[in-house]
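Note that these values count all heavy atoms, side chains included, but never hydrogens, waters or copies made by symmetry. Ligands are counted one by one from 1 in listed order, and the atoms in each one are counted from 1 as well. Residue numbers count from 1 along this sequence. The model shown is predicted, which means the values in this text are computed figures rather than measured ones.
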Amino acid sequence: MPADRTTKLVSMRFGNEAAKTITGYEAAGGYSSLRKALAMRPDDITAEVKASNLRGRGGAGFATGVKWGFVPKDAKQVHLVCNADESEPGTCKDRELIYWDPHLLIEGMIVSAHALRATHNYIYIRGEMMREYAVLKKAVDEAYQRGYLGKNILGTGLEIHLTVHRGAGAYICGEETALLNSLEGLRGQPRLKPPFPAVKGLFGNPTIVNNVETLMNVPFIVERGGAWFAELGMGRSGGTRMLCVSGHVEKPGVFELPIGITFRQLIDEVCGGVWKGRKVKAVIPGGVSMPPLDDSELDVPIEFDALQTDERIKPVMVTPTQQFDLGGGRALRTMAGSGGVVVLDDQCDIPKAVWRIMKFFAHESCGQCTPCREGTGWLEKVARRVAEGRGKPNDVDLLAQIAHGIAGNTICALGDAAAWPMLGFLTKYRAEFEAAVNRAKVVAA
Ligand SMILES: Cc1cc2nc3c(=O)[nH]c(=O)nc-3n(C[C@H](O)[C@H](O)[C@H](O)COP(=O)(O)O)c2cc1C
Ligand code: SF4
């Protein structure tokens, strides 16, 4: 049966302080999925995850079971790394998930580590999340004491370890290969791919990197079956989705919702509408890396494939006549990303908002490749002068040209993350950028 708005999986224990302790979690049925998983063959767990249509909640929406299947069968040492670096502006679900249900994450990691035959595993948590780190560390210690982690877990002879590692506040360390470098004690800069981490990752060993929410869904899949989980969702996306809504709505927050909910339903029915009785000007659908939607595009389900292909969403343009080509004849529309929905009302100054976003990317670029290092800096500089009323006559085209020069030409996706929203905002709000430049001309005259 598809999920409805009362269906809660990963957020089912939100608000329940007792469930944060191991006794409270066990009393609520916790670690029963682990017991079931330990009686299963690892490949059978992976098969259930494949059948579940679980897709990664870290941003790209890659099929989790398929990714797990890339680990070479003869690997001597495999690692599972949980990406809890959550730094994408607009996204704040992993923080809540860890805070309210640390044992669900630990259980998800142990079950997944068993499926992957991974003995030494890590949670890489964003450095600023002090409160969540303390909660998680205590829970991991409890899990060791109870025999869920260690050398001979629950008397099965299986060895599974879990180390919690704190990051130091760099957005780029959320990119999986930069994260692995950082874990190894190196500078947190992305690696060239291939090889992908599933083949050669942490310390040169096959490594699966998964997001917090992704891993927290695994115990439910083992407990109730992949088919059940797939049915909760829509299309090729199983389960529910954590959405973080911020910006100009009456009731912002973090919500677990059916995957098929539309942006309009989310804003009007879950978040009490746009604040102060205003209207929507733009919606950033999944963290600021994603191209925005305008008010006419909000009746689309917040589902990975729909946001990329639904024809109600206008394609992103490079120039007013040329679409941005993702390859294979596909035009870029937008993506569901990491679930961070930012609503901008009809009084929002779009060039100013875009400048703020570009400032973030220019600051966070690791500087390793030229198009991103230089390009994000130029985007910030030009966007700033447009926003501040100092724009030059061809600045709007210049912004598009710079963004186009970055997209697809960098080592990691941070370059795209800066270029895509810039192209998206220019496509849908070009008139506002031009008006800002024209205002500058009037002042100069
Ligand atoms: C610049 C950048 C930052 C990222 N930050 C995060 C992050 O904070 N958390 C996360 O889970 N994934 C982040 N990702 C995506 C990861 O590289 C990776 O795809 C993800 O952790 C895989 O997990 P999943 O398959 O469960 O989604 C980021 C990617 C890029 C390019
Ligand atoms: S795209 Fe940017 S963040 Fe990524 S490796 Fe290149 S310079 Fe670093």
Side-chain angles (χ1 to χ4, degrees), residues 10 49 54-68 70 80-95 97-98 105 108-109 112 122-129 167 169-183 187-193 196-198 201 207-218 237 239 241-242 244 286-290 304 335-340 360-377 379 405-421:
V10 291
V49 172
L54 174 64
R55 292 174 71 172
R57 306 297 202 245
F62 197 83
T64 306
V66 174
K67 180 149 88 177
W68 290 8
F70 294 150
L80 172 65
V81 176
C82 171
N83 189 341
D85 196 49
E86 190 170 64
S87 317
E88 174 81 11
T91 311
C92 50
K93 63 187 176 67
D94 295 343
R95 191 177 60 184
L97 289 168
I98 293 168
L105 176 58
M109 283 209 67
S112 306
Y122 301 84
I123 300 175
Y124 187 99
I125 185 167
R126 177 176 170 164
E128 291 92 333
M129 293 190 197
Y171 170 66
I172 194 56
C173 287
E175 195 281 337
E176 57 185 4
T177 59
L179 185 155
L180 297 179
N181 272 348
S182 171
L183 257 185
R187 198 167 174 164
Q189 289 186 319
R191 301 174 182 174
L192 267 176
K193 294 188 255 188
F196 288 92
T207 303
I208 290 296
V209 182
N210 273 137
N211 172 260
V212 171
E213 184 187 344
T214 312
L215 290 165
M216 279 183 154
N217 275 301
V218 173
S237 304
R241 190 84 213 259
M242 291 298 289
C244 332
V288 296
S289 307
M290 301 302 152
F304 294 105
M335 287 170 78
S338 51
F360 172 78
F361 288 117
H363 183 259
E364 297 296 338
S365 166
C366 83
Q368 212 181 170
C369 39
T370 311
C372 171
R373 183 186 62 241
E374 302 301 322
T376 53
L379 285 179
I406 300 172
N409 295 321
T410 56
I411 292 174
C412 87
L414 187 142
D416 297 334
W420 289 355

*If you have a sec, work out which protein heavy atom is nearest atom 2 (Fe) of ligand 2 and how many Å separate them, to one decimal?*
Cys372 SG, 2.3 Å
*Non-hydrogen atoms of Gly167 and Tyr124 that approach each other most closely*: CA-OH, 3.5 Å
*Could you list the atoms of ligand 1 found under 4.0 angstrom from a heavy atom of Gly56?*
24 (P), 25 (O), 26 (O), 27 (O)
*Heavy-atom contacts with Arg57 under 4.0 Å: which atoms of ligand 1 show up? List them by number with element.*
26 (O), 27 (O)
_Heteroatom proximity flag, Asn83 to ligand 1, N/O under 3.5 Å_ = yes
_So if I apply the side chain to side chain contact (heavy atoms under 4.5 Å, CB included) rule between Cys82 and each of Ile123, Ile208, Leu179, which one comes out positive?_
Ile123
*asked:* Between Glu364 and Ile172, is the side chain to side chain contact (heavy atoms under 4.5 Å, CB included) condition met? List the steps.
replied: CA-CA 7 Å; Glu364 297 296 338; Ile172 194 56; 5.8 Å; no
*Which ligand 1 atoms are under 4.0 Å away from a heavy-atom of Ala413?*
31 (C)
*Would you mind running through ligand 2 and noting each atom that sits below 4.0 Å from a heavy atom of Ile172?*
3 (S)
*Which of the numbered atoms in ligand 2 are below 4.0 angstrom from a heavy atom of Thr410?*
1 (S)
*Exercise: identify the closest heavy-atom pair between Ala84 and Ile98*: CB-CD1, 3.9 Å
*Per atom 8 (Fe) of ligand 2, closest listed option by heavy atom (Cys366, Cys369, Gly367, Gly415)*: Cys366
*Apply side chain to side chain contact (heavy atoms under 4.5 Å, CB included) to the pair Val218 and Thr64, showing each step before the final yes or no.*
CA-CA 10 Å; Val218 173; Thr64 306; 5.6 Å; no
_Listed once per pair and sorted, the salt bridge (Lys or Arg N to Asp or Glu O under 4.0 Å) pairs that draw on residues 82-93, sequence neighbours left out_ = Lys93-Glu213
*ligand 1 atoms in contact with Ser87 (distance to a heavy atom under 4.0 Å)*: 8 (O)
*Please report the shortest heavy-atom distance between Cys369 and Thr410, naming the atom on each side.*
SG-CB, 3.8 Å
_Going by the closest heavy atom to atom 4 (Fe) of ligand 2, which one wins out of Ala178, Ala413, Cys412?_
Cys412
*What do we get for Thr214 next to ligand 1 when only non-hydrogen atoms under 4.0 Å count, side chain, backbone, both or neither?*
side chain
*Number the atoms of ligand 2 from 1 as they appear, then name those within less than 4.0 Å of a heavy atom of Ser365, with their elements.*
2 (Fe), 7 (S)
_Reference residue Asp94; test side chain to side chain contact (heavy atoms under 4.5 Å, CB included); the match among Asn211, Leu105, Asn83_ = Asn211
_Can a donor-acceptor pair be found, under 3.5 Å and without considering hydrogens, that links the side chain of Asn210 to the backbone of Gly56?_
no
*Nearest-contact summary for atom 27 (O) of ligand 1 - protein heavy atom, Å*: Gly58 N, 2.8 Å
*Counting only heavy atoms, which portion of Glu86 has something under 4.0 Å from ligand 1: side chain, backbone, both, or neither?*
backbone
*Heavy-atom contacts with Val209 under 4.0 Å: which atoms of ligand 1 show up? List them by number with element.*
21 (O), 22 (C), 23 (O)
*Of the listed options (Tyr171, Phe62, Tyr124), which comes nearest to atom 1 (C) of ligand 1 when hydrogens are ignored and any heavy atom counts?*
Tyr171
*Please check if the side chain of Arg191 supplies one atom and the backbone of Gly201 the other of a donor-acceptor pair under 3.5 Å.*
yes
*ligand 1 N/O within reach of Gly174 N/O, cut-off under 3.5 Å*: yes
*Atom indices of ligand 1, in the order listed, that fall short of 4.0 Å to a heavy atom of Glu176*: 16 (C), 17 (O), 18 (C)
*If only atom types and distance count, is the side chain of Ser87 paired as donor or acceptor with the main-chain N or O of Tyr171 below 3.5 Å?*
no
*Which heavy-atom pair separates Thr214 from Arg57 by the least distance, and what is that distance?*
OG1-N, 2.9 Å
*May I ask you to identify the nearest protein heavy atom to atom 29 (C) of ligand 1, giving residue, atom name and distance to one decimal place in Å?*
Glu175 CA, 3.8 Å
*Please could you name the atoms of ligand 1 that Asn211 approaches to less than 4.0 Å, counting only its heavy atoms?*
10 (C), 11 (O), 23 (O), 24 (P), 26 (O)
*Which of the atoms of ligand 2 are close to Ile411, meaning less than 4.0 Å from one of its heavy atoms?*
5 (S)
*Protein contact to atom 25 (O) of ligand 1 [nearest heavy atom, distance to 0.1 Å]*: Lys67 NZ, 2.9 Å
*Can you tell me the protein heavy atom closest to atom 5 (S) of ligand 2 and the distance?*
Gln368 NE2, 3.5 Å
_Does Ser365 form a side chain to side chain contact (heavy atoms under 4.5 Å, CB included) with Leu414? I'd like the steps, not just the answer._
CA-CA 7 Å; Ser365 166; Leu414 187 142; 4.3 Å; yes
*asked:* Please evaluate residues Phe361 and Ser289 with respect to the criterion side chain to side chain contact (heavy atoms under 4.5 Å, CB included), reporting the C-alpha separation (whole Å), side-chain torsions for both, the decisive distance (0.1 Å), and the verdict.
replied: CA-CA 9 Å; Phe361 288 117; Ser289 307; 3.7 Å; yes
